[in-house]
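Accompanying notes for the structure given below.
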Amino acid sequence: MNTSSPESRPLRSRLKSTGEATAILPTETTSPITVIGTEAIRDTFDEGCLQQAINSRRAPGVTEVVLNPDAHLGYGAPVGCVMVSPTHVYPGPVGVDIKCSMSLLQLDLPADAIEDRKTRRALISAICQRTPTGAGRGQRSAAKSRPVNRTVGKQLVTEGASVAVCDQLGIPSEWAECCEDSFHLGHDETRDALAMRLDRLLEQRHMSNFSDKMTQLGSYGGGNHFGECEVVDVAKDDRAQRAAQTFGLQDGNVAFLSHCGSRGFGHNLASGQFKTLQDKFSQWGIPLPAQDRQLVYAPLGTPEANDYLDDMALGANFATVNHLMINALVLEAFQEVIPGTQGSLVYFISHNIARKEIVNNQPAWVHRKGATRAFPGGHHSLRGTRYAETGHPILLPGNPRDGSAVMVADEGAAQACFSVNHGAGRILGRRHAKRVLDQATIDTELDQHDVLSNCRQYPMDEAPAAYKDFEEVLRSVKMAGLASEVARLKARFVIKDSSKADD
DNA sequence: ATGTGC
C-alpha cells in the first residue's frame with residue numbers, strides 16, 4: 001500500500017496556509033474549505049473534525065464551509081463551523097441545542113460595588129434561586145412569580161419575544177431591540193405555520209412533556225452553559241469607544257454574561273428531527289458518511305424541510321425568551337442584593353442556528369454551528385438598526401480565568417460568510433479532561449484570580465485548561481481581519497451546573 | 001446539548 005498517497009496522509013497536513021491566520025482545506029471534489037486560525041490553532045484541529053468539515057462541504061447543495069479557530073469534533077458537522085446552502089437545510093450543522101446563544105446585561109454598578117466577597121456570595125445565591133442550573137431543572141422558588149403555563153408556553157414558542165409575551169413574563173419589551181432576532185417565523189414566513197406545526201407536534205409522544213419543558217424557561221441547564229458576572233474593560237482606541245457607546249457598554253462597570261439555549265424543548269425538537277430524517281434516509285436508501293448519521297438533510301420546499309424549519313423556529317423562540325427571562329431574573333437578583341440597580345440588555349446573539357441570508361447575491365441558509373454572525377458596519381441587514389454604522393456586538397466567551405470579549409466585525413468577515421467563532425473551543429474531550437486535570441489546581445487557580453463560583457468544586461470537564469488558548473483564538477480572529485476588540489470582560493463570579501462536580 | 005450514562 002502506498003502510504004504517501006493523499007488519501008492516507010493526515011488531513012491536517014493537507015491544510016494550505018494562505019496567510020498568517022488563514023488557510024484552505026482542499027476536498028478534491030469541491031471548492032476548498034476556508035479555515036481561520038494561526039498555525040498554533042490549526043494544530044489543534046483533530047482528524048475527526050477535519051473529516052467532518054470535508055463531509056459537510058461535499059454534502060448535497062452545500063456551496064461553502066468555513067472552519068473557525070474554535071472548531072472541534074461535533075455530530076454531523078464540527079462545532080465551530082459555518083455551512084451555506086441555497087437549496088437544503090441541515091439539522092446537524094445547526095446542532096442539538098437549537099439557538100444556543102450568548103447574552104450580556106449591563107448593570108449601572110461600578111466594579112467596587114461587588115469587590116466584597118460577601119456581596120458576591122449574596123448575588124450568587126440570589127441568582128441561583130431564580131435561574132436554576134442542571135439537567136431537567138425547572139423554575140425555582142423566586143421564579144415562580146412568573147409562572148409559565150401551557151397557554152403562555154404555546155404563545156412564546158410561536159411569537160418569541162413579542163410585546164405580549166414580554167409583558168406577561170415581566171421582561172422589558174424594549175430588550176427585543178437588542179436581539180440578533182427577537183422572534184422567528186415558520187417556513188413560509190408566517191406565524192400561522194408555527195401554530196399549525198405546534199398543534200401537530202403536541203399530538204406526538206415525544207412532545208407529551210411540553211408543559212414541563214415550558215417550566216424550564218429562565219434556566220441555564222448544564223454542560224458548557226453558564227452565567228458569569230463581569231467587569232467591563234473597554235479598549236482605548238476611538239473605534240472601540242464609539243462602538244461601546246452604541247452598544248451601551250459602560251467601562252469599569254459590572255455586567256452579566258449568559259450562555260444557554262433552548263433546553264429540553266429544543267432537544268426534543270432536534271432529536272425528533274434527526275430520528276425522522278434518519279428514518280427517511282434509510283427508507284430512501286440514501287447513504288450517509290460513516291459515523292455521520294447526523295449529516296441528514298432536507299431539500300427546501302419538501303414537507304420535511306418545512307417541518308424542520310418550523311421546528312427550528314419554535315426552538316429558537318423558546319431560546320430567545322429563555323435568555324430574556326434569565327436576564328430579567330438576574331437583574332431582579334441584583335436589585336434584591338443591591339437595591340436601586342438598573343440594567344439594560346447589551347445584546348443577545350446565537351451561535352447554533354440557520355438563518356436565511358443573502359450570500360453571493362442569492363438567498364441561502366447559513367448554518368452556524370458554534371459560529372457567531374458577524375455583520376460589520378454598513379452591512380445591508382443592519383440598515384435602520386442602531387448598529388448600522390458600527391456593526392452589531394459579538395459576544396465571545398473565553399473562560400473565567402482569562403476573561404471573555406466583546407468584538408465587532410470588520411470587512412474581512414466576508415471571507416468567513418460574515419461569521420466568527422463562538423468562543424475558545426474545546427481542546428480536551430470531557431472524559432480526557434477529567435482524567436488529566438487536577439481538581440485542586442482548578443479551584444485554586446480560580447480562587448487566585450478571585451473568581452467565585454456556586455460550585456464547591458468547579459466541573460473539571462469545563463476547566464479553562466479543557467479549552468483552547470483564548471488569546472490565540474482572539475489573535476486568529478483579529479489577524480484574519482474578521483473582527484476587532486471592543487471590550488474585555490473580567491470574571492468576578494461564575495454560575496455553572498454543579499450537580500455532577502459536587503456529588 | 002439532554003429527565004445525561006459508565
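Order of the sequence lines fixes the chain letters, A, B, ..., with proteins taken first and strands second; residue numbering starts at 1 for each chain.
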Separation of [N] [atom2] from [X] [atom1] (nearest whole Å):
X	N	atom1	atom2	value
A:Asn268	B:dT2	CG	C1'	9 Å
A:Arg137	B:dT4	CZ	P	12 Å
A:His432	B:dC6	NE2	P	20 Å
A:Asn322	B:dT2	CG	P	10 Å
A:Asp97	B:dT4	CG	P	16 Å
A:His267	B:dG5	NE2	C1'	13 Å
A:Met207	B:dT2	CE	C1'	13 Å
A:Phe265	B:dG3	CZ	C1'	17 Å

Comparing A:Asn209 and A:Arg431 on DNA chain B - which has the more 5′ nearest nucleotide: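 Closer to the 5' end of DNA chain B: A:Asn209.
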5'-most by nearest nucleotide on DNA chain B - A:Glu462 or A:Ala135: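 In this pair, the answer is A:Glu462.
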Using a 4.0 Å heavy-atom cut-off, does [X] contact any base of the nucleic acid, only the sugar-phosphate backbone, or nothing at all?
X	value
A:Asn352	nothing
A:Lys434	nothing
A:Arg263	sugar-phosphate
A:Gly95	nothing
A:Gly223	sugar-phosphate

Check: A:Tyr220 main-chain N/O paired with A:His225 side-chain donor or acceptor under 3.5 Å: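 Flag set: sc A:His225 to bb A:Tyr220 pair under 3.5 Å.
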Nearest-neighbour nucleotide for the A:His225 side chain, B:dT4, B:dT2, B:dG3 considered: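 Closest of the options to the side chain of A:His225: B:dT2.
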Any A:Lys213 side-chain N or O less than 4.0 Å from OP1/OP2 of B:dG3: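 Indeed, a polar side-chain atom of A:Lys213 lies that close.
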Phosphate contact (B:dT2 OP1 or OP2) by A:Gln216 side-chain N/O below 4.0 Å: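 Checking B:dT2 against A:Gln216, no side-chain N or O comes under 4.0 Å of OP1 or OP2.
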Spacing of CD belonging to A:Gln129 relative to CD1 belonging to A:Ile124, to within rounding of 0.5 Å: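 If I round to the nearest 0.5 Å, the distance is 13.0 Å.
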Residue from A:His351, A:His184, A:Glu180 passing side chain to side chain donor-acceptor pair (under 3.5 Å) with A:Lys99: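 Of the listed residues A:His351, A:His184, A:Glu180, the side chain to side chain donor-acceptor pair (under 3.5 Å) partner of A:Lys99 is A:His184.
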Partners passing salt bridge (charged side-chain N to carboxylate O under 4.0 Å, His left out) against A:Asp438 (at least two apart in sequence or in another chain):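 None.
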Donor on one side chain, acceptor on other, A:Asp97 and A:Ser262, under 3.5 Å: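 Their side chains do contain a donor-acceptor pair, which is all the 3.5 Å distance test asks for.
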